[in-house]
Amino acid sequence: MELRRGGAEYEEIAKELGFASKSGAWMAVNRSLKQRAHKAADAYLSKSLAELELLHERSWKRAMMGDLKAVNASVGVINARTRLLNLGRL
């Protein structure tokens with residue numbers, strides 16, 4: 001990945017890293033990009049879920065005491081969590 005970021009062509013990367021062809025180098029770079037994207041998505045998901053949990057904790061107690069604004073906030077948090085986790089289609 002670092003070689004490609006530095007401007008190296010796939011043929012150069014293949015030679016440098018011992019791949020039989022430039023397609024092997026392309027697959028390695030592509031795999032690396034996917035791994036980085038998954039890590040970034042996982043970090044975003046974790047952060048967002050933690051934020052939603054905090055919001056839910058803050059509104060839930062008031063909702064259980066009959067505060068309608070807090071009920072609506074809690075429902076909104078539950079819906080947001082459902083969308084974030086893609087659970088709406090179960």
### Query
Hey, does Leu49 have a side-chain heavy atom less than 4.5 Å from the side chain of Leu85?
yes
### Message
Evaluate Leu3 against Val29 for side-chain contact (heavy atoms from CB on, under 4.5 Å), listing each step before the verdict.
### Response
CA-CA 9 Å; Leu3 292 171; Val29 169; over 6 Å; no
### Task
Would you name the heavy atoms of Ala73 and Ser59 that are closest together and state the gap between them?
CB-CB, 4.0 Å
### Query
Are Met64 and Val75 connected in a single hydrophobic cluster, I mean Ile/Leu/Val/Met/Phe/Trp/Tyr linked by side-chain heavy atoms less than 4.5 Å apart?
no
### Task
Ignoring hydrogens and angles, tell me if any N or O in the side chain of Thr82 forms a donor-acceptor pair with the backbone of Ile78 under 3.5 Å.
yes
### Task
Over all heavy atoms of both residues, which pair between Tyr10 and Ala25 is shortest? Give the atoms and the distance, please.
O-CB, 3.5 Å
### Query
Crowded around Glu11 CD? As in, over 12 foreign heavy atoms under 6.0 Å?
no
### Task
Drop me the distance from Glu57's CD to Ser74's OG, to the nearest 0.5 angstrom.
11.0 Å
### Separation between CD of Glu53 and NE2 of His56, rounded to the nearest 0.5 Å
7.5 Å
### Message
Test of understanding: clusters of I, L, V, M, F, W, Y form through side-chain heavy atoms closer than 4.5 Å, transitively. Do Val71 and Val77 belong to the same one?
### Response
no
#### Entry: Interatomic spacing from CG in Leu84 to CD in Glu51 - rounded to 0.5 Å
10.0 Å
### Query
Roughly how far apart are Trp60 CH2 and Met65 CE, rounded to 0.5 Å?
13.0 Å
### Query
Transitively linked via ILVMFWY side-chain contacts under 4.5 Å: Leu87 with Leu55?
yes
### OG-OH distance between Ser46 and Tyr44, expressed to the nearest 0.5 angstrom
11.5 Å
### Query
Stepwise, does the side-chain contact (heavy atoms from CB on, under 4.5 Å) test hold for Arg62 with Lys69?
CA-CA 9 Å; Arg62 292 191 333 262; Lys69 286 184 181 181; 6.0 Å; no
### Task
Check step by step if salt bridge (charged side-chain N to carboxylate O under 4.0 Å, His left out) holds for Glu12 and Lys22.
CA-CA 8 Å; Glu12 297 172 65; Lys22 66 181 182 179; over 6 Å; no
### Task
Establish whether Met27 and Leu17 are linked, either directly or via other cluster members, by ILVMFWY side-chain heavy-atom contacts under 4.5 Å.
yes
### Message
Please evaluate residues Asn79 and Arg83 with respect to the criterion side-chain contact (heavy atoms from CB on, under 4.5 Å), reporting the C-alpha separation (whole Å), side-chain torsions for both, the decisive distance (0.1 Å), and the verdict.
### Response
CA-CA 6 Å; Asn79 288 335; Arg83 285 190 307 273; 3.6 Å; yes
